[in-house]
Colleague: 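Below you will find the structure I want to go over with you.
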Amino acid sequence: MIFKVLFQTSAETTPKREATKSIYLEAPTKEDAIQLVEGNTDYNIEFVEPLEGKALEYEQNSDNYKLTTF
């Protein structure tokens with residue numbers, strides 16, 4: 001399944017909506033997606049959204065869509 005992970009680049013600073021970034025991951029479960037990000041980055045995860053159907057299709061048509069691999 002594909003997940004969209006919204007995050008702040010540093011857990012040390014106060015989160016700001018304007019600084020929120022996102023990556024797309026393929027993982028079997030939401031928990032696995034979280035573990036992948038936590039194990040490979042210092043990101044402060046805000047939200048993890050599973051994507052499927054029309055939501056996935058919409059994101060795939062975005063210029064920012066690129067699957068991240070660790």
Side-chain angles (χ1 to χ4, degrees):
M1 175 168 257
I2 305 295
F3 294 91
K4 181 176 183 178
V5 180
L6 300 167
F7 64 93
Q8 299 287 317
T9 55
S10 173
E12 302 296 318
T13 59
T14 304
K16 296 179 187 169
R17 182 188 318 183
E18 298 82 16
T20 299
K21 300 186 184 304
S22 64
I23 58 173
Y24 302 91
L25 297 172
E26 187 168 7
T29 66
K30 180 178 177 178
E31 291 76 17
D32 290 331
I34 291 169
Q35 287 179 355
L36 275 173
V37 174
E38 287 178 343
N40 292 288
T41 69
D42 291 329
Y43 296 162
N44 182 12
I45 298 171
E46 292 181 8
F47 186 70
V48 178
E49 175 184 9
L51 297 175
E52 56 188 2
K54 296 222 181 256
L56 176 58
E57 187 178 318
Y58 175 82
E59 294 290 345
Q60 287 174 329
N61 289 325
S62 165
D63 292 338
N64 298 326
Y65 181 83
K66 180 183 173 199
L67 280 178
T68 301
T69 56
F70 294 107

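Keep in mind that this is a model prediction, so the values were computed, not measured.
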Colleague: Atom CG of Asn40 and atom CD of Gln35: how far apart are they, to the nearest 0.5 Å?
Modeller: 11.0 Å
Colleague: Rounded to the nearest 0.5 Å, how far does CG of Leu51 lie from OH of Tyr58?
Modeller: 11.5 Å
Colleague: Do the side chains of Ile45 and Phe70 join up, straight or via other hydrophobic residues, at under 4.5 Å, putting them in one cluster?
Modeller: yes
Colleague: Should we say atom CG of Asp32 is surrounded by more than 12 heavy atoms from elsewhere, each under 6.0 Å from it?
Modeller: yes
Colleague: For residues Phe47 and Val37: do they belong to one hydrophobic cluster (side chain heavy atoms under 4.5 Å, members Ile, Leu, Val, Met, Phe, Trp, Tyr)?
Modeller: no
Colleague: Apply salt bridge (charged side-chain N to carboxylate O under 4.0 Å, His left out) to Glu59 and list each qualifying residue two or more places apart in sequence or on a separate chain.
Modeller: Lys4
Colleague: Drop me the distance from Leu36's CG to Thr69's OG1, to the nearest 0.5 angstrom.
Modeller: 10.0 Å
Colleague: State the CZ-CD1 distance between Phe7 and Ile23, to the nearest 0.5 angstrom.
Modeller: 5.5 Å
Colleague: Answer with yes or no whether the hydrophobic clustering places Met1 together with Val5; edges join I, L, V, M, F, W, Y residues whose side-chain heavy atoms lie under 4.5 Å apart.
Modeller: yes
Colleague: Between Leu6 and Lys21, is there a side-chain heavy-atom distance shorter than 4.5 Å?
Modeller: no
Colleague: Can you say whether the rings of Tyr24 and Tyr65 are parallel (under 30°), tilted (30 to 60°) or perpendicular (over 60°)?
Modeller: tilted
Colleague: If we only count heavy atoms from C-beta on, is the Ser10 to Asn44 side-chain gap below 4.5 Å?
Modeller: no
Colleague: Look up atom CG in Leu25 and atom CD1 in Ile2, then write down how far apart they are to the nearest 0.5 Å.
Modeller: 8.5 Å
Colleague: Let me confirm one number: the CD-CZ distance from Glu52 to Phe3, rounded to the nearest 0.5 Å.
Modeller: 9.0 Å
Colleague: Kindly give the heavy-atom pair with the smallest separation between Ala33 and Ala27, and that separation in Å.
Modeller: N-CB, 3.8 Å
Colleague: Can you name the nearest heavy-atom pair linking Pro15 to Glu46, along with the distance?
Modeller: CB-OE2, 4.1 Å
